[in-house]
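Beneath this line is the structure, given in structure tokens, with notes to follow.
When a ligand or atom number is given, it counts from 1 through the structure's own listing order. The shown structure was predicted, so the numbers you read here are calculated from the model rather than taken from an experiment.
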Amino acid sequence: MIASSLNPITIGHKRPSADQIKIVGGSGYDLRQPIPVKYHDVRERFLNARKNFWTPNEIPMGEDKLQWNTGALTEAEEWLFKTNISYLTAGDNLVPDNLVNAIFQHITANEMRQYLRWVMAEEANHVESYLFILESFGLDEKGQGKIYNLYQDLPDLVKKVNWNLDFTNNVVNCDAPIGSLEAVRALLEDLISYYVFEYMFFPLGFAQIFALARKGKLRNTAQQYSYIWRDEVQHADNGAWLIRQIAREYPDIWDAKMQDKALALINEGLKLEVAHAHAVMPDGGILGLSVQTYIEYAKFVADNACRNLGLKPLFGIKTHPMPWISEYELNHETNFFEGRVREYQTGSQLNWD
Ligand SMILES: [Fe+2]
Ligand SMILES: [Fe+2]
């Protein structure tokens with residue numbers, strides 16, 4: 001499989017017309033030209049993301065460092081934190097790996113290529129956030145390494161990681177030409193697993209730490225996670241948009257069979273999340289958050305994932321099981337944090353004098 005962006009160019013102008021451009025699998029035009037912009041929402045997403053770029057070292061970590069080094073966390077809380085950051089670090093590596101190795105090869109609209117490059121930069125920034133958190137606790141390389149390794153020791157987490165990897169590899173190893181129904185179908189399944197990651201796995205992971213922060217533990221880490229969450233919301237929106245757009249442009253693919261498949265994948269994601277929760281959260285509930293409530297929340301999120309793809313919700317959870325989580329959403333009216341959480345545009349206060 002060779003991406004059309006890698007075909008040698010030939011003499012002659014091949015600037016696309018808007019009609020010719022396809023979101024994936026387009027051919028016969030020069031992908032390197034930023035005009036015409038066909039998908040204006042996508043360009044807007046890039047411009048918004050650029051305004052909201054942040055860096056982990058903007059968030060002070062002193063309170064968490066003190067808690068970490070003075071035994072303020074119980075054993076169960078420490079275990080939850082370690083497995084959490086271990087899994088999320090792996091996850092924030094997996095997502096850009098998927099984008100660069102599989103998804104990106106198929107994207108044939110310049111504005112989406114531009115935005116996905118930015119998404120990859122944000123994922124790199126998320127990994128930097130996890131590094132910054134552990135470094136700020138004063139952990140040396142050995143101490144950090146033990147934490148990063150942890151997810152590989154837990155079968156439920158290994159299974160969850162491999163689940164996403166399988167879809168990426170299906171796209172990478174697909175011999176069908178880009179733009180063919182077979183190739184787009186493999187891509188679509190990978191994109192649904194990507195969506196489950198961005199829309200379900202990440203926010204649910206953040207919720208574990210928000211539960212600790214709600215009781216006054218690791219609030220600086222939670223603040224880092226709030227910023228990451230804001231990015232992931234955009235990535236997920238874009239993922240859902242991409243899936244729906246492919247369905248519009250390749251209506252034959254989005255048939256009843258594929259819709260059932262999408263539901264099955266969301267359900268598989270939910271099961272992986274449930275197994276993950278049981279592996280890292282004690283049964284009696286950790287700090288007021290019971291595993292049962294967490295699983296209800298996971299189902300609530302899964303239902304919304306179905307709706308966002310135009311599908312009937314799997315579980316029918318009507319009310320939000322953890323409404324307090326909105327306190328950790330940036331741009332929310334009442335903000336939980338006493339710190340410097342702010343709605344800001346990077347660069348807006350730069351002084352060039
Ligand atoms: Fe991320
Ligand atoms: Fe993401």
Side-chain angles (χ1 to χ4, degrees), residues 41-42 44-59 81 83-104 107 112-134 147-148 151 157 160-161 163-165 167-168 171 187 190-210 221-243 265-266 269 272-273 276 301-302 304-305 308-309 325 328-331 346:
D41 291 1
V42 178
E44 278 304 308
R45 220 171 274 136
F46 167 77
L47 294 172
N48 280 334
R50 197 181 55 171
K51 276 193 287 198
N52 285 321
F53 193 74
W54 59 284
T55 61
N57 60 354
E58 289 174 285
I59 297 160
F81 166 76
T83 57
N84 179 278
I85 202 161
S86 174
Y87 172 73
L88 290 177
T89 305
D92 261 306
N93 276 280
L94 277 179
V95 163
D97 280 357
N98 188 5
L99 284 170
V100 75
N101 291 303
I103 296 169
F104 202 82
I107 304 292
M112 183 58 92
R113 295 170 72 83
Q114 178 194 33
Y115 178 59
L116 289 180
R117 290 179 185 119
W118 191 270
V119 169
M120 285 187 249
E122 289 185 338
E123 305 300 8
N125 196 43
H126 300 166
V127 172
E128 184 57 32
S129 170
Y130 306 131
L131 267 167
F132 182 71
I133 291 166
L134 294 190
I147 294 176
Y148 290 130
Y151 81 96
L157 272 58
K160 197 176 175 195
V161 165
W163 183 75
N164 281 98
L165 266 177
F167 294 101
T168 301
V171 175
L187 173 70
D190 184 32
L191 278 170
I192 295 164
S193 85
Y194 168 87
Y195 185 58
V196 167
F197 217 132
E198 298 278 33
Y199 191 77
M200 291 173 60
F201 292 167
F202 278 123
L204 283 156
F206 304 146
Q208 294 174 350
I209 298 306
F210 295 150
T221 298
Q223 194 170 351
Q224 297 271 352
Y225 281 21
S226 282
Y227 277 91
I228 301 176
W229 188 16
R230 182 176 63 180
D231 294 342
E232 304 301 6
V233 168
Q234 298 306 315
H235 301 174
D237 280 356
N238 187 61
W241 183 92
L242 198 43
I243 292 164
L265 295 182
I266 293 171
L272 291 163
E273 189 61 42
H276 179 165
V301 175
N304 284 334
N308 295 341
L309 299 185
I325 204 153
Y328 296 87
E329 243 173 288
L330 293 185
N331 307 326
T346 305

What angle sits at the Fe ion (ligand 2) between OE1 of E198 and OE2 of E123, to 10°?
-> 130°
Just to the nearest 10 degrees, tell me the angle at the Fe ion (ligand 2) spanned by H235 ND1 and E232 OE1.
-> 90°
Main-chain N/O of N52 paired with R230 side-chain donor or acceptor, under 3.5 Å | yes
Where do Y195 and N238 land on the side chain to side chain donor-acceptor pair (under 3.5 Å) test, with the steps shown first?
-> CA-CA 9 Å; Y195 185 58; N238 187 61; over 6 Å; no
Just checking, is any N or O donor in the side chain of N98 or D190 under 3.5 Å from an acceptor N or O on the other one?
->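 N98 vs D190: donor-acceptor pair found between side chains.
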Quick one: pull up OG1 in T83 and NE2 in H276 and give me the separation to the nearest 0.5 Å.
->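 It is 5.5 Å, given to the nearest 0.5 Å.
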N/O/S from D231 sitting under 2.8 Å away from the Fe ion (ligand 2) | no
What does the angle at the Fe ion (ligand 1) come to, between atom ND1 of H126 and atom OD1 of D92, rounded to 10°?
-> 110°
